[in-house]
Amino acid sequence: VPFHAAHQAGIATPPQAHARFVALDLRPGVDRPALVRLVRLLTDDIDRMSTGRAALADPTPELAAVPARLTATLGFGIGLLRAANLLAQAPRWLVMGLPGFPIDRLQDRWSGGDLLLQVAADDPVTVAHAVRVLLTDAREFATVRWVQTGFHRGVGTAPTGVTGRNLFGQVDGTVNPTPGTPDFDRVVWIGPGPATPAWLAGGTALVIRRIAMDLRTWGGLGTNDKEQAIGRRLADGAPLTGGTELTAPDYQAVDANGFPVIPATSHIRLAHPQNPGERILRRPYNYDDGISADGSPDAGLLFVTCMADPIAQYVPVQQRLARADVLNIWTTPIGSALFAVPPGIQPGQHLGQSLLGT
Ligand code: HEM
């Protein structure tokens, strides 16, 4: 695994409190040389801002002084490779794209994009400023397709060592590979191999799904129904088969009537990998965009997940969930996008150099 620049830290570090995801569409005529200019600008901005220095020509350099664990991650959509005339270098999964799932109610305004910026920090002012700087430098090359803003219980408010909660109140983030372990590297980073375009070795695939959550109907459920839906206890996130949050669920256990203690349609039973090749890194953020026209909360989860091969690791899990997860009653995917995150770089290089050249 090569050196990971600040942009790869955006995948391997514990989630920051605030994140903004911006998808850009390239302007007509933006070709490979133009893309090299763009990624050089963005790389320099990210280098500076993630170490508390102002970007060149930053109109508000005062705001760069507090990096607050700032990371900025770039993802390349299939449209970027097309614009660069490099489709032959695209991994198969990026060419195929994700299949549709029966639960999807996808909207264009939350889906797709040629270039992803994932900007995250523990300070919302830092995020706002960094996004503004990056978008100013990208303006000549691209237009904004969508913007999604998410948050997490941050350092300072979350009791240390305690997993965060999503807007359903569930402990969310328990089962995940641990950064810095060989296991994490296998699940997340793309290894060299005959099926892998060489430029992507050390990079990853990033899927972002905007999933609306019906907080009103969920809120009307009793604790038991909520726990049956997920397969874990609300109070502490422990599996319904007992122990603490980190105890492994016992999927074989049955109750006095012979029914599985962790229900057949519960989220964790269906999301649990059926083989070691089905694991993913989850790095979701909550979103809350105020109140919808019908008076209900416009809220949910920016489900962000990374893995070396989305077709092998993510799609089968998502298909099982789409088929039977009881959580689907209260959740609806309304946006979806897929990106190739280029590998980390050495000082002096720019992001995407292994694809776009210099
Ligand atoms: C709004 C939608 C969702 C909510 C509220 C949600 C919530 C949760 C919660 C509370 C857990 C248990 C605690 C934990 O391990 O973090 C969990 C586990 C998990 N979820 Fe989700 N989730 C959602 C969507 C998804 C999607 C779309 C996928 C993948 C396609 C997914 C994959 C997983 C996986 C792999 C686990 C761990 C399973 C295991 O124990 O092995 N989730 N989720």
Side-chain angles (χ1 to χ4, degrees), residues 15 101-105 150-154 157-159 161-176 209-274 280 282-305 317-335:
F101 304 100
I103 47 173
D104 287 355
R105 299 290 177 270
F151 55 92
H152 237 273
R153 199 163 264 177
T157 43
V162 175
T163 310
R165 288 181 186 266
N166 61 37
L167 295 177
F168 277 167
Q170 302 159 330
V171 176
D172 193 346
T174 304
V175 176
N176 235 356
R209 306 264 299 166
R210 185 181 181 88
I211 305 177
M213 303 190 346
D214 188 338
L215 302 188
R216 281 205 298 206
T217 51
W218 176 264
L221 299 175
T223 300
N224 186 54
D225 286 343
K226 290 178 178 175
E227 293 183 337
Q228 295 283 313
I230 197 78
R232 289 180 175 272
R233 289 201 301 246
L234 277 171
D236 57 2
L240 293 182
T241 45
T244 64
E245 184 195 338
L246 298 180
T247 306
D250 178 357
Y251 289 111
Q252 264 68 55
V254 291
D255 64 17
N257 300 316
F259 291 109
V261 179
I262 298 176
T265 57
S266 65
H267 182 70
I268 63 163
R269 180 183 288 277
L270 293 162
H272 191 65
Q274 288 191 341
I280 55 178
R282 294 178 293 136
R283 235 173 153 281
Y285 283 88
N286 304 305
Y287 77 82
D288 182 346
D289 283 5
I291 302 295
S292 303
D294 69 356
S296 59
D298 180 5
L301 198 65
L302 306 180
F303 182 79
V304 179
T305 176
V317 178
Q318 182 64 82
Q319 278 169 337
R320 273 202 303 280
L321 294 175
R323 217 164 19 241
D325 184 2
V326 73
L327 219 52
N328 294 335
I329 297 174
W330 306 280
T331 61
T332 311
I334 57 174

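Model, not experiment: these values are computed from the prediction.
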Heavy-atom side-chain contact between Pro263 and Val326 under 4.5 Å: no
Heavy-atom side-chain contact between Leu327 and Gln170 under 4.5 Å: yes
Any donor-acceptor N/O pair, Arg269 side chain to Ile262 backbone, under 3.5 Å: yes
Non-hydrogen atoms of Glu245 and Pro239 that approach each other most closely: O-CD, 4.3 Å
Gly169 versus Leu234, closest heavy-atom pair with distance: O-CD2, 4.1 Å
Residue pair Asp214 / Phe168: nearest heavy atoms and the distance that separates them: O-CE2, 4.0 Å
Residue pair Leu302, Arg210: steps toward the side-chain contact (heavy atoms from CB on, under 4.5 Å) verdict: CA-CA 5 Å; Leu302 306 180; Arg210 185 181 181 88; 3.7 Å; yes
From Asn166 atom CG to Phe303 atom CZ, the distance as rounded to the nearest 0.5 Å: 11.5 Å
Derivation and outcome, side-chain contact (heavy atoms from CB on, under 4.5 Å), residues Ile334 and Ile211: CA-CA 6 Å; Ile334 57 174; Ile211 305 177; over 6 Å; no
Candidate pair Tyr287 and Leu301, rule side-chain contact (heavy atoms from CB on, under 4.5 Å), full reasoning: CA-CA 6 Å; Tyr287 77 82; Leu301 198 65; 5.5 Å; no
Leu270 backbone acceptor or donor facing Arg320 side chain under 3.5 Å: yes
Residue pairs passing the side chain to side chain donor-acceptor pair (under 3.5 Å) test where at least one lies in residues 230-242, sequence neighbours excluded: Arg233-Asp236
Pairing residues for Trp330 by the ring-ring contact (aromatic ring centres under 6.0 Å, His included) criterion, not counting sequence neighbours: Trp218
Any side-chain heavy-atom pair of Asp250 and Val261 under 4.5 Å: no
Shortest non-hydrogen contact between Arg282 and Val175, atoms and distance: NH2-O, 2.8 Å
Residues which pass ring-ring contact (aromatic ring centres under 6.0 Å, His included) with His272, listed by chain and number, not counting sequence neighbours: Tyr251
Results of side chain to side chain contact (heavy atoms under 4.5 Å, CB included) for Arg165 - residues two or more places apart only: Val171
Minimal non-hydrogen separation, Ile268 against Pro249, with atom names: CD1-CG, 4.1 Å
Side chain to side chain contact (heavy atoms under 4.5 Å, CB included) involving Asn328 - partner list, sequence neighbours excluded: Ile103, Asp325, Thr331
pair Phe151-Asp288: side-chain heavy atoms closer than 4.5 Å: yes
Student check: side-chain heavy atoms of Thr174 and Leu246 closer than 4.5 Å: yes
Non-hydrogen atoms of Ala238 and Gly243 that approach each other most closely: CB-O, 3.4 Å
Atom pair CD/OG1 of Gln318 and Thr305 - distance to nearest 0.5 Å: 9.5 Å
For Arg209, all residues meeting salt bridge (Lys or Arg N to Asp or Glu O under 4.0 Å), sequence neighbours excluded: Asp104
Side-chain donor/acceptor of Asn257 to backbone N/O of Phe259, under 3.5 Å: no
